[in-house]
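Let me begin by presenting the structure, written as structure tokens, before commenting on it.
These values consider heavy atoms only, across backbone and side chains, with no hydrogens, waters or symmetry-generated copies.
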Amino acid sequence: MKKLARAIVKMRRLILIAAVLLLIPAAVGAIATPINYDILSYLPQELDSRVGQLLLETDYHLASTNMITVEGMPTNELLAMKAEIDEVPDVLNTFWLSDVLDPAVPTEMLPADVQQFMFGKNDSTILIVQLGGSSVSEETMQAVAQIKKILRKNCFFGGISVILSDTKELVMGEMPWYVLCAVGGCLLVLFLSLESWLTPFLFMLGLLFPLVYNFGTNIFLGQVCFITASLAAVLQLGVTMDFSIFLLHRYNEEKELCASNEEAMENAICKTMSAITASSLTTIAGFLALCAMQLTLGADLGIVMAKGVALGVICTIVILPSLILFFDKWVEKYRHRTFLPKLTRLSHFVSKHPMPVVVVFVLLMIPFGLAQSRTDIYYNIFAALPQDMPGIVGTNKLGEDFGMMTNHFILVREELTASQVSTLCDEIKEVDGITQVVSLDSITGPGFETELLPDELLNIVQNGGYKLILANGRYKSGSDAMNAQVDELVRLVKEADPEGLVTGEGAMIKDLVEIADEDFKNVNIWSVAAVLVIIALSFRSLSVPVLLVASIEAAIAINMGIPYFIDDSLPFIASIVIGTIQLGATVDYSILMTTRYREERLALRSPKAAAQQALEHCSQSILTSGLTFFAATFGVAVISKVELLKSICMLISRGALISMVVILLVLPAGLMLLDGLICRTTYHWLNAPNAAKE
């Protein structure tokens with residue numbers, strides 16, 4: 001360890017040059033990494049809804065099919081607009097009634113199903129736009145943007161691709177502001193807590209390296225979700241700032257004991273490396289627990305954040321020492337007093353009244369523990385987006401004019417006869433909440449020779465060994481009514497064709513609901529188990545890990561219970577990831593407090609005196625860490641228009657403060673009261689045989 005530290009200090013200029021040069025390929029990798037805006041694409045591939053979606057994408061090219069509601073437009077102008085849309089690159093077909101019938105045919109002569117599907121309220125009709133790429137491909141995004149420019153007045157463009165295009169535009173516009181808010185908030189806290197005006201800027205410069213490296217190496221993952229891309233920098237900034245603080249504090253201590261700054265830094269690296277390596281393991285384990293999710297979005301976020309923490313540790317040990325030594329003169333020149341106090345009065349209060357503190361906390365936990373399970377969770381991912389987005393407005397317009405809130409795509413084998421398909425369609429029409437059912441037979445009538453149809457239409461309704469039935473419903477995705485509707489559709493389809501598939505937004509979100517409930521349990525179990533094992537090995541104790549994890553889990557319960565009391569609802573992703581993020585990121589506070597408590601007990605202090613000293617001396621570090629984590633995420637929660645990101649960041653920022661308060665107030669009292677149990681259940685907790693007893 002000493003040789004490595006000496007090599008880092010000795011080659012600091014070479015290390016700094018290499019670190020700067022590595023930013024170039026990392027930046028290229030970051031720019032080249034695709035961002036996926038479709039959360040539903042992270043569902044397990046073996047689900048019927050995903051299998052069906054892939055068939056729609058590869059055989060039917062319907063995965064990125066969108067609809068334009070046209071109100072009060074003359075037929076000739078509509079046909080002219082349709083022709084312009086057909087000229088857009090990546091548009092395979094723009095389907096309207098004119099593709100199969102003469103537009104001069106009176107609508108009253110059309111089959112009832114076709115009338116209901118093609119014509120709605122407000123003198124409206126539908127154009128179906130079929131795009132060639134997937135719903136999130138770059139070609140699709142460009143085509144959507146061009147189509148928006150072609151649309152006339154009173155035209156409303158809706159569908160998943162349009163919504164994802166709007167989401168991309170919104171997130172890309174907001175993302176730089178997320179980073180600026182996080183950096184600004186962190187700088188403010190660091191100015192108040194550190195002893196030099198220059199040090200906060202030095203830390204930000206040091207954190208630039210692992211941030212860019214992390215985003216650059218994401219290219220090896222193939223792509224990242226927009227949630228990961230939006231939050232990774234903010235979370236990494238808040239989580240890994242501690243490492244820089246630990247190194248600087250240790251370096252300042254060593255400077256008073258060593259003959260040179262180089263020797264001080266060597267000692268600081270040695271002592272900091274073991275401390276932050278152990279500390280970071282709990283954070284990394286917490287993030288990796290997200291990989292236990294069936295929804296692979298968890299692995300996406302978990303791997304990127306675990307990688308970011310690991311890179312943060314490496315850069316803190318290897319790159320930051322070079323920066324500190326290089327700027328040491330200026331750091332000393334611009335020193336000032338700190339503005340975050342040691343909580344001396346609080347430390348005396350807690351150490352004198354441990355039992356009342358714990359009792360009050362336990363009583364407080366009861367309502368929050370009950371409220372946690374009653375917090376409203378919603379699964380409609382589009383409800384977490386601004387409702388004035390053009391894609392949302394266009395999709396809602398389909399519901400207003402046509403009663404078409406959700407589209408179900410039903411695929412049955414082409415071996416089914418026309419009469420079997422017609423019977424199935426009749427049964428589907430009777431399902432509660434279904435407004436329209438359209439199939440090849442409803443367009444052409446029985447006995448029609450399909451060979452007479454245009455290839456463009458035939459490819460839409462029959463392809464890849466399957467026939468397509470389109471069923472529209474008036475219920476919103478993610479609602480109980482919609483989930484029951486999907487269950488009934490699946491039952492009817494499987495009775496008619498055991499190999500039949502039901503897909504579309506409603507079916508996939510229903511699968512999402514079921515998977516999310518299971519994921520919530522799995523992630524919590526794995527994150528708690530991983531952190532328990534790491535702490536148990538670090539302290540060689542049976543009781544300490546239980547106490548520390550219980551403290552953070554109590555803070556998580558309070559955090560998750562608050563939405564119930566303020567009548568707020570949470571997106572399902574926030575409810576899944578917040579537990580593991582808050583546990584992994586803030587359990588370090590409890591480890592720091594417990595380590596200092598043990599040091600004081602080994603110094604022959606009584607449990608009461610040890611708790612008082614531990615709280616007093618750790619308070620500034622915990623306040624700095626907690627407030628930095630809060631500042632890094634709170635700004636995003638304030639400015640983001642994407643409710644999904646807003647909710648996650650609000651939970652994280654609030655959770656950082658709650659964990660900080662619990663560790664400062666409750667944990668020292670718990671350590672005092674359980675001191676005897678800890679001594680009996682921890683290997684060599686007190687090495688000194690004559691350590692003071694109360």
How long is the gap from [atom1] on [X] to [atom2] on [Y], to the nearest 0.5 Å?
| X | Y | atom1 | atom2 | result |
| --- | --- | --- | --- | --- |
| L180 | E174 | CG | CD | 12.5 Å |
| T586 | I658 | OG1 | CD1 | 10.0 Å |
| M660 | S619 | CE | OG | 10.5 Å |
| M293 | Y42 | CE | OH | 11.5 Å |
| I35 | C225 | CD1 | SG | 9.5 Å |
| L512 | S477 | CG | OG | 10.5 Å |

Electrostatic pair R50-E46, nearest N-O below 4.0 angstrom =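 Salt bridge: no.
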Are [X] and [Y] close enough that some pair of their side-chain heavy atoms sits under 4.5 Å apart?
| X | Y | value |
| --- | --- | --- |
| L667 | V662 | no |
| Y589 | F629 | yes |
| F361 | L665 | no |
| P571 | Y378 | yes |
| E139 | L131 | no |
| T33 | F220 | no |
| H408 | L470 | no |
| M204 | L237 | yes |

Do [X] and [Y] have side-chain N/O donor and acceptor atoms under 3.5 Å apart?
| X | Y | value |
| --- | --- | --- |
| D588 | T282 | yes |
| S640 | Y178 | yes |
| Q485 | D432 | no |
| K307 | T217 | yes |
| D48 | T503 | no |
| N407 | E505 | no |

Could you check whether any side-chain N or O of [X] sits under 3.5 Å from a backbone N or O of [Y], counting only pairs where one atom can act as donor and the other as acceptor?
| X | Y | value |
| --- | --- | --- |
| S590 | V587 | yes |
| Q582 | G655 | yes |
| K641 | P386 | no |

| query | Please walk me through it: do E488 and L492 pass side chain to side chain contact (heavy atoms under 4.5 Å, CB included)? | reply | CA-CA 6 Å; E488 182 63 13; L492 293 174; 4.0 Å; yes
Just do the side chain to side chain contact (heavy atoms under 4.5 Å, CB included) check on T296 and D300 with the steps written out, would you?
CA-CA 6 Å; T296 53; D300 187 274; over 6 Å; no
request  = Applying side chain to side chain contact (heavy atoms under 4.5 Å, CB included) between V642 and each of L385, V636, I227, report the one that passes.
outcome  =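 By the side chain to side chain contact (heavy atoms under 4.5 Å, CB included) criterion, V642 pairs with just one of L385, V636, I227: L385.
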**Request:** For a side chain to side chain contact (heavy atoms under 4.5 Å, CB included) with L644, tell me which candidate from I39, T167, L570 qualifies.
**Result:**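 Checked I39, T167, L570 against L644; only one passes side chain to side chain contact (heavy atoms under 4.5 Å, CB included): I39.
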ask   = Would N36 and S41 satisfy side chain to side chain donor-acceptor pair (under 3.5 Å), going step by step from the backbone distance to the final call?
value = CA-CA 9 Å; N36 186 354; S41 66; 2.8 Å; yes
**Q.** More than 12 heavy atoms of other groups within 6.0 Å of Y564 OH
**A.**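 12 or below, so no.
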| message | Could you check whether atom NZ of K521 has more than 12 heavy atoms from other residues, nucleotides or ligands sitting under 6.0 Å from it? | response |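 Check fails, neighbour count at 12 or below.
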| message | Let's go through T406 and N472 carefully: what are the C-alpha distance in whole Å and the side-chain angles of both, what is the deciding distance for side chain to side chain contact (heavy atoms under 4.5 Å, CB included) to 0.1 Å, and is it a yes or a no? | response | CA-CA 6 Å; T406 309; N472 299 319; over 6 Å; no
Practice task
Start with the C-alpha gap between N524 and T580, add the side-chain angles, then the distance that decides, and say whether side chain to side chain contact (heavy atoms under 4.5 Å, CB included) holds.
Solution key: CA-CA 7 Å; N524 283 341; T580 186; 5.8 Å; no
Going by the angle between their ring planes, with limits at 30° and 60°, are F634 and F630 parallel, tilted or perpendicular?
->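 F634 vs F630 ring planes: parallel.
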*Are F565 and F368 close enough that their ring centers fall under 6.0 Å?*
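Aromatic pair counts; centres sit under 6.0 Å.
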